[in-house]
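Read the structure below first, then the notes.
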Amino acid sequence: MSVAVRSIGAAIDRVEGREKVTGEAKYAYEHSPPGFVYATALQSTIAKGEVVGVDAEAALAVPGVLGVLWHEDAPRLHEVSDAELEILQSPRVAYRGQIVGAVIAERYEAARQAERLVRIEYSEHPHDVLLRADHPGFYEPEKVNPSYPGRTEEGDFDQAFATAEVTIDRTYETPAEHNNPMEPHASVAVWREDGITVYDSTQGASSVQDIVAKAFGLERERVRVLSAHVGGGFGSKGTPRPHVILAVMASQAVRRPVKLAVTRQQMFDFTGYRTPTIQRVRLGCDRQGRLSATAHAVYEQSSTIREFAEQTATPTRMMYSGENRRTSHHLTRLDVPTPSWMRAPGETPGMYALESAVDELAIAAGIDPVELRLRNEPEVDPETGHRWSSRSLVACLREGAERFGWIPRHGASRGPRNGHWLTGTGVASSVYPARRRPSEARARLEPDGGYVIEIAAADIGTGARTALTQIAADALEVSPGEVRVDLGDSGYPTAPLAGGSMGTASWGSAVVKACRELRATLARGDTPGLPVEAHVDTGAEVQGDEALARYAFGAQFVEVHVNADTGEVHVPRAVGVFAAGRIVNAKTARSQFIGGMTMGIGMALHEESLLDLRFGDYANHDLATYHVPSCADIEELEVAWIDEHDPHVNPIGAKGIGEIGIVGTAAAVANAVHHATGIRFRALPITPARVVGRVSR
Amino acid sequence: MRPFDYHRAADPRAAVAAVARRPEARFLAGGTNLIDLMRLGVEAPELLVDVSRLGGGRIAETEAGGLLIGASVRNSELAADHRVRDDYPVLAQALLNGASGQLRNLATVAGNLLQRTRCLYFQDVTKPCNKRSPGSGCPAIEGEHANLAIFGHSEHCVATHPSDMAVAMVALDATVHLEGPSGPRTTPLIGFHRLPGDAPDRDTVLHHGELITAVELPPLAAARRSLYRKARERRSFAFALVSVAAALELDRGEVRDARVALGGVAHVPWRATRAEEMLRGGPLTEERAHAAAEAELAHATPLRDNAYKVPLAHRLIVRTLLDVAERP
Amino acid sequence: MSAPPPVHAEVTLTVNGLRHSLVLDTRTSLLDLLRERLDLTGSKKGCDHGQCGACTILIDGRRANACLALAVAHDGARIETVEGLAGEDGELHALQSAFIEHDAFQCGYCTPGQLCSAVAMLEEIQRGWPSAVTGEDPVAPTRAEIRERMSGNLCRCGAYVNIVEAIADVAEMP
Ligand SMILES: Cc1cc2nc3c(=O)[nH]c(=O)nc-3n(C[C@H](O)[C@H](O)[C@H](O)COP(=O)(O)OP(=O)(O)OC[C@H]3O[C@@H](n4cnc5c(N)ncnc54)[C@H](O)[C@@H]3O)c2cc1C
Ligand code: SF4
Ligand code: FES
Ligand code: FES
């Protein structure tokens with residue numbers, strides 16, 4: 001059953017807009033409970049070994065310093081499922097920059113001063129940090145995130161590839177990248193005799209609540225996590241990070257509220273990053289461009305303390321038709337931090353490789369790259385045989401080509417030269433799964449006649465508060481102005497995290513259900529008086545979802561200008577057309593898409609965490625040396641969407657929009673650079689250093 | 001950061017006296033480099049003597065017809081000054097290509113000249129670095145050096161000077177005015193910054209306690225026809241991979257005077273005198289521009305990962321010269 | 001072993017029209033003073049090293065990075081922050097309204113810095129200050145000018161195209 005649409009789809013302003021432009025919106029670190037003190041994290045300066053001693057005397061002598069924590073005197077934690085969170089429990093150092101201690105002080109300045117005075121002695125072992133194709137440690141993980149098989153085989157790839165009329169066999173590389181939300185991770189922890197309150201910069205208050213409760217051996221109800229405003233996350237705040245544990249420990253140790261902010265530099269060590277990848281893609285097709293053989297093998301890394309297997313080859317399993325297909329993931333465990341989610345994990349690096357390879361195949365086959373994609377449109381999901389809940393890739397490609405003014409090309413061709421600028425255009429497809437998870441929500445009619453929705457969801461900038469307001473308004477058949485959505489508090493009904501583009505679908509389903517129940521209750525008219533509320537759980541409903549292939553699709557078209565003198569690449573314009581089910585808010589949705597495309601341009605041209613072999617960390621660890629796009633880098637971005645009515649994904653019909661915008665962008669840029677220069681860049685980012693020696697003036 | 005005393009100096013001589021007395025004292029101007037480095041633990045002064053309000057905030061014309069730029073003139077003000085924009089456009093452009101609008105409002109002339117390298121190891125106190133702690137080694141040579149020097153480096157240090165402004169000034173034959181414990185002196189900007197040699201901890205020839213009071217630009221015919229070009233990893237708010245300051249004086253198609261300086265290539269703003277020599281006394285053709293670039297870059301000694309700077313510098317020199325020649 | 005004790009100094013500042021006299025650790029940045037002492041948490045800390053612009057405030061009318069500015073060094077200064085942009089009656093500044101209207105932010109963390117930067121940037125254009133993309137002609141607020149001049153304010157949510165439109169709107173650009 002779907003909802004009647006009135007306010008869904010409208011381009012209403014962000015409901016918390018005023019708070020954000022006036023500076024009233026408070027982010028985690030901006031809460032200052034009475035009597036608070038500061039803590040800062042101490043990090044290992046070796047990549048592998050043990051802490052053998054800590055001399056804190058000088059640090060403790062700094063006026064205002066209250067204590068130094070390390071593994072010998074830190075509170076003991078109960079086991080949690082994520083070894084990254086088991087800090088200060090053993091002398092072991094698994095990567096450079098791992099948390100090995102904390103300084104707690106009355107004043108921030110004192111904490112920072114003392115931090116440098118703590119002497120940590122190590123026993124150091126040789127480390128191994130470089131991902132390389134011939135690393136001896138590769139194994140095939142049985143499952144890749146979240147629970148896909150690591151390897152799939154359909155048909156006989158080897159045979160089909162050997163006999164295909166046109167083939168390509170290419171290896172692509174993507175570097176480690178860091179999420180770098182603008183708000184650094186931070187926690188303010190208040191330890192009380194009867195429980196813990198934490199203001200945390202997180203994408204999921206409920207999961208932080210779970211972990212903190214588990215780690216400190218408390219019942220869930222005694223932990224409260226608040227995250228009303230979150231300054232971006234892009235996956236890096238999707239799981240609880242070690243700093244939150246450290247803040248709580250520190251608060252427990254000094255029995256005072258503790259504020260702890262991760263520094264920008266530290267964010268390159270323990271708040272997650274996208275694994276580097278090495279990807280071999282082999283494609284074979286006939287002269288008409290119909291794919292017969294597809295193989296995608298991915299080599300990537302995890303840490304020695306936790307298996308994190310990015311699902312990089314999964315889009316190759318369902319994007320295009322073709323009978324013979326093999327995908328595999330190969331993981332090696334290095335003395336590095338555990339990789340984590342970064343905007344569209346899996347799809348982002350995977351589709352860079354696949355969509356670059358498709359472009360190469362199109363050229364080899366002499367077929368326009370848009371046309372080649374159209375010719376490989378599968379009727380059903382090639383991997384599972386499931387029907388598509390809806391699939392509008394063809395419409396996206398056609399609409400995008402039209403808006404962009406795509407000129408079909410057959411085989412190798414070069415864009416026009418304009419003075420010392422080489423120009424080119426490129427295209428790539430986008431995809432992202434449309435999933436949902438069980439969630440709870442509460443709807444209430446207040447005595448003053450207003451409706452309140454409560455849910456432990458997070459608005460990390462996605463516009464969740466606004467979208468849920470619209471969804472609730474329609475489900476209640478009232479205007480959005482009559483609804484207030486309260487989120488970012490684990491005290492509200494439990495909700496899954498803001499991630500995997502599942503927020504609107506998961507939380508929205510629960511909100512719709514709660515609103516319906518509330519209306520039913522009110523309709524029965526047997527309640528004693530206001531307030532009246534309904535608390536629901538979508539667990540059963542979500543379990544019962546029919547087996548279908550549910551995905552959002554998109555097509556991205558990009559123009560590039562390459563400076564023949566300097567190798568600098570500019571993107572003067574890009575067009576993205578997406579099919580993501582029903583768009584709940586036209587204004588905030590557009591922002592999500594352009595945000596994704598902007599990050600995709602960064603991935604293509606700027607972003608790279610440089611591994612330092614000798615020290616084992618990322619040598620560039622700030623925003624002056626890890627370049628994200630600046631305002632000057634982003635010119636015209638046009639976004640459009642295809643209207644889809646997909647009743648199979650959830651009652652709202654929305655597929656999720658937070659991640660698809662970044663998927664395919666980097667390939668479209670790389671394909672355009674090839675068109676401009678005739679040179680194929682198979683390693684990102686495409687920097688002047690890489691380009692300048694290879695373009696001819 | 002360690003605690004420090006803070007004094008606001010009443011006049012240049014008092015400032016000099018205050019700093020000269022204490023080896024761990026530093027002048028503070030805009031603070032955009034010094035505070036940054038103090039927070040990183042790279043600098044740990046026990047006294048800051050604030051010189052940002054010392055009346056050195058003016059730009060005056062000299063009798064010779066040049067400009068005397070006070071040490072604490074902000075980068076944004078200098079770039080907006082009409083005399084600079086008209087008579088020394090290369091300098092205005094260099095400034096505007098550096099940092100960001102808000103940083104340029106804080107950053108001063110003296111501070112910009114004295115800003116320290118952006119070498120990744122220099123800025124990370126958990127790692128060795130000869131410049132930061134002499135004798136500890138230079139991990140950049142084997143490690144991350146893609147944006148470090150291709151000229152004039154030593155086995156002790158391969159860092160680059162990051163300033164844009166200084167590149168233009170060195171092309172313009174600027175002179176630095178100093179006030180020291182033993183009185184004032186002047187020194188040419190060429191030679192003010194040092195090559196690393198075996199003492200990379202010393203960026204310049206400045207002695208402890210010497211204060212920059214002004215930078216003087218001589219009148220220069222070539223300066224009016226000048227340009228600054230900067231290649232970088234993103235379009236704004238990024239340090240140079242390579243930059244070029246070029247100025248030409250043309251006389252009926254013949255190059256009478258040529259100034260070429262490079263940024264991002266050495267421990268100093270690099271004056272490309274070999275290129276300049278090749279250019280003088282002939283027309284500015286593409287071939288001669290290539291020859292000039294070649295003459296300079298033949299002496300480059302790139303490291304494992306920065307050889308790209310050689311063609312980059314070459315092409316940028318040629319392009320900038322051709323574009324300068326076309327200016328009215 | 002004894003560590004040197006903090007050094008304190010008295011500092012007087014006018015912040016959004018209000019005078020404050022405080023005794024401060026000399027190490028305190030203007031940003032930490034605003035956020036940790038005056039409870040003006042609108043100005044954000046994104047890097048603490050001048051690299052992101054989230055801390056942009058106006059010092060004596062000019063935009064500056066509060067994270068690299070020592071409070072003691074700005075004794076006597078007039079400071080304006082995002083909290084001071086709206087009128088006394090709560091009426092939003094034109095840029096604030098335009099940011100909402102154009103959805104020029106997502107998470108909102110860079111927004112106060114973007115707004116302060118934009119206010120000063122438009123004044124800089126009016127004053128005739130050039131930028132790296134200014135040609136021979138007098139400065140005009142083109143989109144290219146706005147993009148270049150706003151590049152000291154990073155936005156990881158990628159709201160740039162909307163930020164530029166919001167500013168262009170206020171600058172009455174077609
Ligand atoms: C993120 C970022 C990006 C940047 N990008 C660029 C760029 O692209 N191009 C570029 O050129 N620069 C760039 N910069 C550097 C910036 O230009 C410098 O930090 C600035 O010019 C330094 O000036 P200041 O007045 O703030 O110096 P301060 O930080 O105050 O001082 C710097 C040094 O100079 C000394 N000093 C100051 N004044 C005097 C004096 N009168 N006499 C003697 N010694 C003195 C100080 O003791 C200190 O050692 C960037 C900086 C940052 C933070
Ligand atoms: S290049 Fe110079 S600054 Fe960099 S690590 Fe070596 S010695 Fe230090
Ligand atoms: S916090 Fe000041 S520029 Fe980033
Ligand atoms: S709105 Fe999130 S960083 Fe700009």
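Lettering of chains follows the sequences in order, A, B, ..., and the numbering in each one begins at 1.
Side-chain contact between B/D36 and C/D48: absent, with no pair of heavy atoms (C-beta onward) separated by less than 4.5 Å. Taking the side chain as every heavy atom from C-beta outward, B/L48 and C/L70 approach each other to under 4.5 Å. Side chains of B/N105 and C/E124 form a contact here, defined as non-hydrogen atoms less than 4.5 Å apart. Between C/V72 and B/R8 the shortest side-chain heavy-atom distance does not fall below 4.5 Å.
B/P3 and C/P5 get closest at one heavy-atom pair: CB-O, 3.3 Å. In this structure, C/S151 and B/F237 approach most closely via the heavy-atom pair O-CD2, 3.1 Å.
In C/R127, the CZ atom is crowded: over 12 heavy atoms of neighbouring residues, nucleotides or ligands sit closer than 6.0 Å. Crowding of B/R58 atom CZ: a count of heavy atoms from other residues, nucleotides or ligands under 6.0 Å not exceeding 12.
Both the backbone and the side chain of C/A73 come within contact range of chain B, judged by heavy atoms closer than 4.5 Å. Within the 4.5 angstrom heavy-atom criterion, only side-chain atoms of B/D50, from C-beta onward, approach chain C. Contact annotation for B/R53: only side-chain heavy atoms (C-beta onward) come within less than 4.5 Å of a heavy atom of chain C. In this structure, chain C has no heavy atom under 4.5 Å from any part of B/L34. For C/I57, no part lies near chain B; criterion is any non-hydrogen pair under 4.5 Å. Both the backbone and the side chain of C/C67 come within contact range of chain B, each with at least one heavy atom under 4.5 Å from a heavy atom of that chain. Neither the backbone nor the side chain of B/L37 comes within less than 4.5 Å of any heavy atom in chain C.
Put simply, of B/E77, B/M38, B/E46, the one with the most heavy-atom pairs under 4.5 Å next to chain C is B/E77. Comparing B/N33, B/D81, B/D5, B/L95 by how many heavy-atom pairs each has under 4.5 Å with chain C, the most go to B/D5. Comparing B/H82, B/Q93, B/M1, B/R39 by heavy-atom pairs within less than 4.5 Å of chain C, the highest count is held by B/R39. Ranked by heavy-atom pairs under 4.5 Å with chain B, the first of C/L154, C/V133, C/T26 is C/T26.
The CG atom of C/L24 lies 12.0 Å from the OH atom of B/Y6; values are rounded to the nearest 0.5 Å. Between the CZ atom in C/R63 and the OG atom in B/S100 there is a gap of 7.0 Å [rounded to 0.5 Å]. For the atom pair CD of C/Q51 and CG of B/L103, the computed distance is 9.0 Å after rounding to the nearest 0.5 Å. Taking CH2 from C/W129 and CZ from B/R104, the interatomic distance works out to 9.5 Å, rounded to the nearest 0.5 Å.
With no hydrogens or angles considered, a side-chain donor-acceptor pair links C/N153 and B/Q102 at under 3.5 Å.
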For C/E148 and B/L96, what are the C-alpha separation, side-chain angles and deciding distance, and is it a side-chain contact (heavy atoms from CB on, under 4.5 Å)?
CA-CA 10 Å; C/E148 162 59 25; B/L96 295 170; over 6 Å; no
Please evaluate residues C/N65 and B/T32 with respect to the criterion side-chain contact (heavy atoms from CB on, under 4.5 Å), reporting the C-alpha separation (whole Å), side-chain torsions for both, the decisive distance (0.1 Å), and the verdict.
CA-CA 9 Å; C/N65 308 72; B/T32 60; 5.8 Å; no
Could you please spell out the steps behind the side-chain contact (heavy atoms from CB on, under 4.5 Å) verdict for C/R62 and B/L106?
CA-CA 9 Å; C/R62 299 212 173 152; B/L106 290 169; over 6 Å; no
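The side-chain hydrogen bond (donor to acceptor under 3.5 Å, both in side chains) test applied to B/N112 returns B/N75, B/Q115, B/S163, not counting sequence neighbours.
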